[in-house]
Amino acid sequence: KKIVAALAALAICATALITPALAQDKKFTVALVPGLTTDGFYITMRKGAQAAADALGVTLVFQGAPDFNPVTQVPVLDAVIAKKPDAILIAPTDKVQLVEPLRKAHDAGIPVITVDTFIGSGVYQTGAGEADFPLSYIASDNVLGGEIAARALAKAVGDKGKVYVSNVKPGISTTDQREEGFKKEMAANHPGITVLETQFNDNDANKAASQLQAVFARNPDLVGVFGANLFSALGAANGVQQAGQTGTVKVVAFDAPTSIADNINTGLVDVAIAQHPAEIGYYGVVSAYAHLTGQSIPVAIGTGFTIMDKSNIADPNISKYLYSE
Ligand code: T6T
């Protein structure tokens with residue numbers, strides 16, 4: 001009898017011990033849909049996401065389009081939804097055009113978290129509007145990023161003269177907000193600066209370079225440019241170089257591909273504002289996992305910036321924020 005009782009007790013203990021372990025044995029699949037696949041920003045985000053996935057035993061699927069465009073992103077998203085991952089992390093390429101495609105995921109019971117960019121107003125889970133269904137928004141504070149860029153450019157040009165914003169296209173939450181923050185800061189605190197009309201380059205660095213030269217041809221007194229994302233900034237900087245204006249037309253760059261370090265050292269770029277995409281990817285996967293295992297998650301997570309210039313780019317604690325390739 002004693003033996004039977006002991007075995008029964010052991011069985012209860014064993015069940016108690018095994019059940020939670022079994023529950024966690026479910027291997028979750030999280031899909032990460034970037035803005036585009038061939039961009040150091042999203043390649044770095046993927047690394048951070050993979051680090052969290054490895055730590056948590058999650059399978060990470062990375063699937064995206066080759067360009068930053070809702071027309072190519074939506075079919076990728078549809079294919080991802082058809083595979084029924086446990087959660088989707090996505091950088092929507094348009095605030096409006098990705099709402100309905102993402103609602104399909106939500107309606108299919110797949111939790112959606114947006115990383116880097118947002119849909120609607122970016123304020124989720126409020127019951128307001130048509131685009132509040134994502135669980136969380138994990139990203140840089142892009143209005144603040146634009147303000148930082150404006151202060152850096154104003155300083156570089158001695159607080160006076162003509163500048164403009166090299167930007168991707170209207171409708172992208174991140175780059176819209178950077179331009180908004182930039183113009184707000186210039187209008188409020190830098191009366192000597194004139195901000196010329198924004199030039200939209202469709203995420204094409206070559207177009208951004210030709211636009212720089214065209215703006216310079218029309219405005220030979222141009223003193224600076226803010227490149228509002230990686231391709232806008234690289235293109236604008238190339239345009240400055242091709243126009244023979246290195247060091248004369250100041251460049252403030254958003255994002256930090258590895259090549260920006262050389263551009264800072266040669267004086268072509270004054271300041272680069274690095275985002276922390278690995279941090280975005282890491283917390284994206286952690287948040288998805290937390291939700292899938294019954295925890296509540298913050299409706300928004302703000303990630304940081306590292307400001308790079310000639311004075312600090314050689315410091316490994318700074319250069320570690322250069323993006324991967
Ligand atoms: O600036 C990043 C990202 O934050 C933005 O949403 C789109 O452009 C980048 O991927 C850089 O190319």
Side-chain angles (χ1 to χ4, degrees), residues 32-49 62 64-70 72-73 76 89-98 113-119 122 137-146 148-149 165-182 198 200-209 226-238 251-260 263 269 271-281 283-284 300-308 321-325:
L32 171 57
V33 180
L36 73 164
T37 48
T38 54
D39 176 340
F41 175 82
Y42 296 111
I43 293 168
T44 311
M45 183 188 290
R46 178 188 191 172
K47 279 197 168 173
F62 182 80
D67 56 357
F68 196 98
N69 190 334
T72 46
Q73 189 181 39
V76 172
L89 308 176
I90 182 167
T93 46
D94 188 278
K95 282 185 282 203
V96 175
Q97 293 183 56
L98 264 292
I113 291 173
T114 75
V115 286
D116 176 43
T117 43
F118 59 72
I119 52 170
Y137 171 52
I138 305 172
S140 309
D141 179 336
N142 287 291
V143 175
L144 174 65
I148 294 171
V165 182
S166 173
N167 211 343
V168 183
K169 61 186 157 199
I172 305 168
S173 72
T174 45
T175 47
D176 283 356
Q177 287 192 326
R178 289 170 203 162
E179 182 174 333
E180 178 195 325
F182 181 88
T198 296
F200 292 105
N201 56 52
D202 270 317
N203 223 24
D204 177 346
N206 291 329
K207 201 163 166 185
F226 166 41
N229 86 329
L230 192 152
F231 300 100
S232 306
L234 283 186
N238 285 340
V251 180
V252 169
F254 217 86
D255 291 311
T258 39
S259 60
I260 213 89
N263 292 339
V269 169
V271 173
I273 301 162
Q275 304 186 73
H276 293 179
E279 198 176 309
I280 298 175
Y283 283 93
I301 297 179
T303 55
F305 294 120
T306 296
I307 318 291
M308 303 173 167
Y321 290 104
L322 289 168
Y323 302 169
S324 309
E325 281 173 346

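Order of listing sets the numbers, starting from 1, for every ligand and every atom in it.
- The shortest separation from a heavy atom of Phe231 to ligand 1 is under 4.0 Å, placing the residue in contact.
- Judged by the shortest distance from any of its heavy atoms, Arg178 lies inside the 4.0 Å radius around the atoms of ligand 1.
- Close N/O approach between Gln275 and ligand 1 is found [any backbone or side-chain N/O within under 3.5 Å].
- Below 30°, between 30° and 60°, or above 60°: for Phe305 and Phe254 the angle between ring planes is above 60°, a perpendicular geometry.
- When non-hydrogen atoms are compared, ligand 1 lies under 4.0 Å from the side chain of Tyr42 (C-beta onward) but not from its backbone.
- The backbone N or O of Asn167 lies less than 3.5 Å from a partner atom in the side chain of Asn201, making a donor-acceptor pair.
- The aromatic rings of Tyr137 and Phe118 stand perpendicular to each other, their planes meeting at an angle above 60°, with 30° marking the opposite boundary.
- Close approach of ligand 1 to Leu230 is summarised as follows: ligand atoms under 4.0 Å from at least one heavy atom of the residue are 11 (C), 12 (O).
- Inclusion of Thr174 in the set of residues having an N or O under 3.5 Å from an N or O of ligand 1 is warranted.
- Looking at atom 1 (O) of ligand 1, its nearest protein heavy atom turns out to be Asp255 OD2, 2.6 Å.
- The shortest contact between atom 3 (C) of ligand 1 and any protein heavy atom is with Asp116 OD2, 3.3 Å.
- Looking from atom 10 (O) of ligand 1 to the surrounding protein, the closest heavy atom is Asp39 OD2, 2.7 Å.
- Protein heavy atom closest to atom 8 (O) of ligand 1, with residue, atom name and distance, is Asn229 ND2, 3.0 Å.
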Go through the steps to decide whether Phe226 and Glu179 satisfy the test side chain to side chain contact (heavy atoms under 4.5 Å, CB included), and finish with yes or no. CA-CA 9 Å; Phe226 166 41; Glu179 182 174 333; 5.9 Å; no
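- When only modelled atom types and interatomic distance are considered, Asn229 and Ser232 share a side-chain donor-acceptor pair under 3.5 Å.
- In summary, the side chains of Asp116 and Tyr42 do present a donor paired with an acceptor at a separation below 3.5 Å, with no hydrogens or angles considered.
- Residue Thr117 approaches ligand 1 through these ligand atoms, each under 4.0 Å from one of its heavy atoms: 6 (O).
- The number of heavy atoms from other shown groups lying within 6.0 Å of NZ (Lys47) does not exceed 12.
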Would Asp94 and Asn69 count as a side chain to side chain contact (heavy atoms under 4.5 Å, CB included) if you check the C-alpha gap in whole Å, the side-chain angles of each, and the deciding distance to 0.1 Å? CA-CA 8 Å; Asp94 188 278; Asn69 190 334; over 6 Å; no
